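First listed ligand is number 1; within each ligand, the first listed atom is number 1. Since the model is a prediction, treat every value here as computed from it, not as a measurement. Counting begins at 1 with the first residue of the sequence.
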Amino acid sequence: RCVLRELTEIMNKNPDISLSNPLPGMNQSVFHKRYLKKMRDLGEGHFGKVTLYMYDPANDGTGECVAVKALKQENGHVPDGWMKEIEILKSLNHCNIVKYKGLCTELGGQVVQLIMEYLPLGSLREYLSKRKLGVPQCLLFAQQICEGMEYLHSKRYIHRDLAARNVLVENDSLVKIGDFGLTKYIPEGEIYYRVREDGDSPVQCLILRFCSPFPLTSGLLGQMTVMVLIKLLEKQLRLPCPKECPHEVKILMEQCWAADPSKRPPFSSLIERFKGIRQ
Ligand code: ADP
Ligand code: MG
């Protein structure tokens, strides 16, 4: 730490030493709390809170913007699930997956924060609420999300929480998958076909949030809603398609909603289909 401080001081006094050309051996994935300047809140979900910071070790405004994810509840120890989420993101490298940058630890390791690249247009959910996308842009985003998912699966991970709030927008022609909080690794030889642990499944929570006017309805009302929904799905009823949705996309959506999972197209074939429709 002392060495780093000294280095930073030397750099401050000698602005011609370029920060983009760091000294060999300098760990760039360690972010120091004291150089993180809070800019604004970016969003939050069930477990995490994400904040925009400027990381500016030179303290001259030339720093970079980073998104910092912290757990909402800190109680003196770092939960396993949180470290898993961090390790998963660290192991991923794809243009449609948010990039890991490093960690910031506090209190001798009792608090760990995840540093990622900042995507200026926020979540796809917010983005969609502010503008109306044309069909070509929808198809491009859909294809990019599938590319990210296909890569994830090639690494034997399943995301389990793919939703517009967990997709991030870089610009009008690039989206990336974020939030690996519920992601699971499926070891070689194992087939993912059912949930083993109780309360392990995000599905019930998702269904409730989908169809209930209240956020996360539990109890009797929630159970009734799920039962009604299951009945509708059993009758092969599905959401209607928007008016401007191309016919090929409608067919594709219906295939993805097939009751029998083995009949649903894999991401690899979805990518090819989206490419075909976009031409
Ligand atoms: P949680 O695990 O609590 O759901 P997320 O990782 O989904 O947390 O982040 C919560 C919200 O913060 C997202 O829906 C998005 O609005 C915002 N966000 C997350 N990561 C970034 C990022 N890298 N750049 C910009 N906004 C982000
Ligand atoms: Mg989320």
Is there a donor-acceptor contact under 3.5 Å from the side chain of [X] to the main chain of [Y]?
| X | Y | answer |
| --- | --- | --- |
| Tyr55 | His32 | yes |
| His159 | Asp161 | yes |
| Trp82 | Val112 | yes |

Looking only at non-hydrogen atoms, the one of Val50, Asp179, Leu119 nearest atom 24 (N) of ligand 1 is Leu119
Give the single entry among Lys49, Glu44, Lys69 that approaches atom 8 (O) of ligand 1 most closely by any heavy atom.
Lys69
Aromatic rings Phe141 and Tyr127: how do their planes relate, parallel, tilted or perpendicular, breaks at 30° and 60°?
tilted
Glu85 touching ligand 1 at heavy-atom level, < 4.0 angstrom
no
Can you sort out which atoms of ligand 1 are near [X], meaning under 4.0 Å from one of its heavy atoms?
| X | result |
| --- | --- |
| Gly43 | 10 (C), 11 (C), 12 (O) |
| Arg165 | 13 (C), 14 (O) |
| Glu126 | 16 (O) |
| Phe47 | 3 (O) |
| Ser123 | 14 (O), 15 (C), 16 (O) |

Any N, O or S atom of Asp161 closer than 2.8 Å to the Mg ion (ligand 2)
no
Where is the nearest protein heavy atom to [atom]: which residue, which atom, and how far?
| atom | answer |
| --- | --- |
| atom 20 (N) of ligand 1 | Met116 CE, 3.5 Å |
| atom 3 (O) of ligand 1 | Gly48 N, 2.7 Å |
| atom 17 (C) of ligand 1 | Leu42 O, 3.9 Å |

Taking all non-hydrogen atoms of both residues, which atom of Arg131 and which atom of Asp172 are closest, and how far apart?
NH1-OD1, 4.1 Å
Check against salt bridge (charged side-chain N to carboxylate O under 4.0 Å, His left out), Glu87 and Lys84
CA-CA 5 Å; Glu87 282 306 315; Lys84 264 192 205 152; over 6 Å; no
Any luck finding a side-chain donor-acceptor pair between Arg278 and Gln143 under 3.5 Å?
yes
I need the contact type for Leu168 against ligand 1. Using non-hydrogen atoms and a strict under-4.0 Å cut-off, is it side chain, backbone, both or neither?
side chain
Output yes when the distance from some N or O of ligand 1 to some N or O of Glu117 is under 3.5 Å, and no in every other case.
yes
Taking NZ, NE, NH1 and NH2 as the nitrogens, is one of them in [X] or [Y] under 4.0 Å from a carboxylate oxygen of the other?
| X | Y | value |
| --- | --- | --- |
| Arg165 | Asp179 | no |
| Glu244 | Lys132 | yes |
| Glu44 | Lys72 | yes |

Taking the Mg ion (ligand 2) as the apex, OD1 on Asn166 and OD2 on Asp179 give an angle, to 10°, of 90°
